[in-house]
Engineer: 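Below you will find the structure I want to go over with you.
Each chain gets a letter, A, B and so on, in the order its sequence line appears, and its residues count up from 1.
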Number of protein chains: 2
Amino acid sequence: MNIIISNSSNVPIYEQIKEQIKSKIISNELKVGEMLPSIRSLAKDLRISVITTKNAYEQLEKEGYVETIPAKGTYVANKNVEIIREEQLQKVEQLIDTVVNIARVSNISKDEIKSMLDILYEEE
Amino acid sequence: MNIIISNSSNVPIYEQIKEQIKSKIISNELKVGEMLPSIRSLAKDLRISVITTKNAYEQLEKEGYVETIPAKGTYVANKNVEIIREEQLQKVEQLIDTVVNIARVSNISKDEIKSMLDILYEEE
DNA sequence: TTATTGTGTATATACAGTATATACAGTTTT
DNA sequence: AAAACTGTATATACTGTATATACACAATAA
C-alpha cells in the first residue's frame, strides 16, 4: 500500500495513515469503488495494531472518503469532486494565512515567500 | 497582556500562549529585559491553572526567548535576532512545502496560491 | 525586624487521546 | 462444513494536558 509512518512524529499514526490515503484518493491513485487493504493486512504491513488502522478508516469514513461494510471491507466512496477541491482550497488558504501572519511579525516580504513557492514548486 | 485562548481548539492552551508571546517578542511589542506577567496573574486573567502558564513559560525558556528567575519573575531574554529570523523562515518554508504538496495532489495552480497570498497580504 | 504579598516550584491527581492485545461475529472461499 | 478472510467490541495501558493545593524564596510595608 506504500504508506510511510513515523513513530517519532507528534502526529498520531492513525492521522498519518488517514492523510496519506486521502491524498491517494484525491490524486486518483485509489479509484472510486476500489477496496482498501484490510485493516488487518495494513496493520501487519505497518507493524501496528488493527485498532489504529481501524481508527484511521473510521475517520476517513466520517469525512466521506470511504465506505465500510462489516465483514467485507472498506471501499473508496463516490465523494463529490468539487467538494473535495473546495476542502483542499480551504486547507491551503488556512496555511497561507498562517504564513502571512508569521511573515508580518518577522518582516518577511511577500517576494521572499513567492520565491520559496517557485523553488518548491519546481522540485521533483 | 492581551492574549486570546480557545478551549475548543485542538492546540494545547500552553502552546497557544507560547506562540502568542513569542510573536510579541519577535515583533518587539515585548522588549528585551521586560518582565512578563507573572504566571499567577496571567493564569487569573485567562482563568486557567498556574501550571498551564508555567508550562508555557518553560517552553519559551527552553527555546531561549525568556529567562526565569525563581521568586522574581520571567523576563524577555536577549536572543540573537538573526537566529530568530532564521527560525521563522524555516517555519514558513515548512508551511509552504505542505501547501505545495496539497496543491500537487489537488491540481491547484501556483497562480491560485499566489493570488491567495496577494489577497491575504493586503488585508488589515 | 516581622508580617504580608508577590514571585516561581513541586506534588498528587484527573481526564482525554492514542495505542495495544485479544476475543468476537459475519462473509467468502475451499 | 471448515478454513480463511473481513470488520467489531472490550478491557487495558501509557502519555500529554490540565487542575488544585501546598511549598519556598524575594521584595515590600508596617
Engineer: Using side chain to side chain contact (heavy atoms under 4.5 Å, CB included) as the criterion, list what pairs up with A:Thr68, not counting sequence neighbours.
Structural biologist: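 In terms of side chain to side chain contact (heavy atoms under 4.5 Å, CB included), with neighbours along the sequence ignored, A:Thr68 is linked to A:Glu61, A:Thr74.
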Engineer: Side-chain heavy atoms under 4.5 Å apart, restricted to Ile/Leu/Val/Met/Phe/Trp/Tyr: what other residues fall into the cluster of A:Ile69, or is it alone?
Structural biologist: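 Members other than A:Ile69 - counting any ILVMFWY side chain reachable under 4.5 Å - are A:Met35, A:Tyr75.
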Engineer: Does OP1 or OP2 of D:dC5 have a side-chain N or O of A:Ser38 closer than 4.0 Å?
Structural biologist: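 Negative; the distance criterion is not met.
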Engineer: Has A:Thr52 got a side-chain N or O lying under 4.0 Å from the OP1 or OP2 atom of C:dT18?
Structural biologist: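 Indeed not, no polar side-chain atom of A:Thr52 lies that close.
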Engineer: With a 4.0 Å cut-off on heavy atoms, is B:Thr74 in touch with a base, just the backbone sugar-phosphate, or nothing at all?
Structural biologist: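 Sugar-phosphate, no base atom in range.
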Engineer: With sequence neighbours excluded, what pairs up with B:Asp118 under the side chain to side chain contact (heavy atoms under 4.5 Å, CB included) test?
Structural biologist: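 Counting only residues at least two positions away or on another chain, B:Asp118 forms a side chain to side chain contact (heavy atoms under 4.5 Å, CB included) with A:Lys110, A:Lys114.
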Engineer: Using whole Å, what does the distance between atom C1' of nucleotide C:dT9 and atom CD1 of B:Ile69 come to?
Structural biologist: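 Checked: the CD1 to C1' distance equals 15 Å.
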Engineer: Return the minimal non-hydrogen interatomic distance between A:Ile17 and A:Ala56, and the atom names on each side.
Structural biologist: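 Nearest heavy atoms, A:Ile17 then A:Ala56: CG2-CB, 3.7 Å.
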Engineer: Output all residues satisfying side chain to side chain contact (heavy atoms under 4.5 Å, CB included) with A:Ala103, sequence neighbours left out; order by chain, then residue number.
Structural biologist: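 Residues passing side chain to side chain contact (heavy atoms under 4.5 Å, CB included) with A:Ala103: A:Ile108, A:Ile113, B:Tyr121.
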Engineer: Tell me, for nucleotides 20-30 of chain D in 5' to 3' order, what letter each nucleotide earns: B for a base near a protein heavy atom under 4.0 Å, S for only sugar-phosphate near one, - for neither?
Structural biologist: BBBB-BSS---
Engineer: Could you check which residues of residues 55-65 of chain A get a heavy atom under 4.0 Å from DNA chain D? Sort them by number, please.
Structural biologist: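 Here the set is empty: none.
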Engineer: May I have the distance from A:Arg47 (atom CZ) to C:dT20 (atom C1'), rounded to whole angstrom?
Structural biologist: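 Whole-Å distance recorded here is 17 Å.
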Engineer: Please collect all salt bridge (charged side-chain N to carboxylate O under 4.0 Å, His left out) contacts where either partner lies in residues 36-54 of chain A, sequence neighbours excluded, each pair once.
Structural biologist: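 The answer is A:Lys54-A:Glu58.
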Engineer: Between A:Lys54 (NZ) and C:dT18 (P), how many Å, whole number?
Structural biologist: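 Checked: the NZ to P distance equals 16 Å.
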Engineer: List the residues meeting side chain to side chain donor-acceptor pair (under 3.5 Å) with A:Lys72, not counting sequence neighbours, and say none if there are none.
Structural biologist: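 With sequence neighbours excluded, A:Lys72 shows a side chain to side chain donor-acceptor pair (under 3.5 Å) to no residue whatsoever.
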Engineer: Using the salt bridge (charged side-chain N to carboxylate O under 4.0 Å, His left out) rule, collect all pairs that involve residues 23-36 of chain B, keeping only residues at least two apart or in two chains.
Structural biologist: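 Residue pairs passing salt bridge (charged side-chain N to carboxylate O under 4.0 Å, His left out), neighbours aside: B:Lys24-B:Glu29.
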Engineer: I need the CG-P distance between A:Leu42 and C:dT20, as an integer number of Å.
Structural biologist: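 Nearest whole value for this atom pair: 12 Å.
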Engineer: Applying salt bridge (charged side-chain N to carboxylate O under 4.0 Å, His left out), which residue pairs with at least one partner in residues 74-89 of chain B are found, sequence neighbours left out?
Structural biologist: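 Matches after skipping sequence neighbours: A:Glu112-B:Arg85, B:Lys79-B:Glu87.
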Engineer: For DNA chain C, find the residues of residues 10-26 of chain B with a heavy-atom distance under 4.0 Å and give them by number; none if there aren't any.
Structural biologist: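 Here the set is empty: none.
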Engineer: Output a table of donor-acceptor pairs, distance under 3.5 Å, between side-chain atoms of residues 88-99 of chain A and any protein atom two or more places apart or on a different chain; print 'none' if there are none.
Structural biologist:
from: A:Gln94; atom 1: NE2; to: A:Thr98; atom 2: OG1; distance (Å): 3.4
from: A:Thr98; atom 1: OG1; to: A:Gln94; atom 2: O; distance (Å): 3.1

Engineer: If you look at every heavy atom in B:Thr53 and B:Val50, which pair is closest and at what distance?
Structural biologist: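 Heavy-atom minimum between the residues: OG1-O, 2.8 Å.
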